[in-house]
Amino acid sequence: MRYLGIFVCGLIFGLGLAVSGMLNPSKVSAFLDLAGAWDPSLAFVMGGGLAVNALFFHLLKRPSPYLAESFSLPTLTRLDRPLLIGAALFGIGWALGGLCPGPAIASLAYGSSEAMFFFIAMASGLLIGSKIKQWF
Amino acid sequence: MSIDWTSFTPMTALLGGGLIGLAAGLFFLLHGQIMGASGILGRFLAASYDRQERSGWDWRLVFLLGVMAGPLAYMGLMGGLPQAQFIVSDGRLIAAGLIVGLGTSIGSGCTSGHGICGLARLSPRSFTAVLTFMATGFITTFILNHM
């Protein structure tokens, strides 16, 4: 039951990414290109996602989740250097390639060499980053 | 600034965004955690070589398989995969992937974890992260396309 629930969440996430256009790097690039022929679509993806998720988060409060023992949310509130440096790097990489992590995972379904290259590079970055995080 | 009206797809963007929000909301309600793509993949990868990190690798794998099945579900409904046009060289793509991986692990999140989930729960760290990565995304694109 737990696996099924988690699989369905992943499936809806991947389907939403596909419907929204986030799997298309050239569309992402067009959103980030404010000074060019700007495609504002991705702002609507973020707005729609945020609105629906906020409804769940704030209106459907429960003592514990349905398929796990307890809620587990990040407790850190301090703005620190790793957060700023990491987010800044992420924006640069996102603009260079046109994919962020969710779409990079979903794009494996295409079986294209581009999706594969990006994913393997991103996976390496995730592993290296987790090891060097404390340097920042 | 000029809007490219021919490429602008507000309805599918809202619908797709709504599905992403639904997934994140359900994930939280069922599993009790933030649905962040980079965090889930990063911890899954860490578990695959470090025995200390084994706990939770099973559900993370299930989630990742679900995400990959998403475009296939789209294909089942719509008769084909959505358009995915890569416009850059393989070398730049590999550099981009590496930087995205480094950035999201050092910065503890990406567009889903900080963007969809963190903003919804009004996290100051996520607000800061989103403003930062949007800013560097816009600036990098400006440098690439207009300088």
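Residue numbering restarts at 1 for every chain, and letters A, B, ... go by the order of the sequence lines.
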Of A:V45, A:L17, A:L15, which is the lone residue that meets side-chain contact (heavy atoms from CB on, under 4.5 Å) with B:L19?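 Testing B:L19 for a side-chain contact (heavy atoms from CB on, under 4.5 Å) against A:V45, A:L17, A:L15 leaves exactly one candidate, A:L15.
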
So which of B:L45, B:T6, B:L122, B:L61 has the largest heavy-atom pair count under 4.5 angstrom toward chain A?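 Sorted descending by pairs with chain A, the first entry is B:L45.
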
Top of B:I87, B:L77, B:T104 for chain A proximity - count of heavy-atom pairs under 4.5 angstrom: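 Answer, by heavy-atom pair count under 4.5 Å with chain A: B:T104.
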
Polar side chain donor-acceptor pair, B:S105 to A:S130, under 3.5 angstrom: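 Absent: no donor and acceptor within the cut-off.
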
Under 6.0 Å between ring centres: does that hold for B:F28 and A:F57?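 Ring-ring flag for B:F28/A:F57: true, centres closer than 6.0 Å.
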
Is it true that B:F86 and A:F118 have ring centroids separated by less than 6.0 Å?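 B:F86 vs A:F118: aromatic centres not under 6.0 Å.
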
Quick check: does any side chain N or O of [X] sit under 3.5 Å from a backbone N or O of [Y], one acting as donor and the other as acceptor?
| X | Y | answer |
| --- | --- | --- |
| B:R125 | A:L83 | no |
| A:N53 | B:A120 | no |
| A:D39 | B:D4 | no |
| A:S41 | B:T9 | yes |
| A:R62 | B:L29 | no |

With under 30° as parallel and over 60° as perpendicular, where do the rings of A:F31 and B:F138 fit, or are they tilted in between?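 Because their plane-to-plane angle lies in the 30° to 60° range, the rings of A:F31 and B:F138 count as tilted.
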
Can you tell if the side chain of B:L102 reaches within under 4.5 Å of the side chain of A:I132, non-hydrogen atoms only?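 They are in contact (side-chain heavy atoms under 4.5 Å apart), so the answer is yes.
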
Taking side chain as C-beta onward, heavy atoms only, is A:S72 less than 4.5 Å from B:Q33?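 Side-chain contact under 4.5 Å: yes.
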
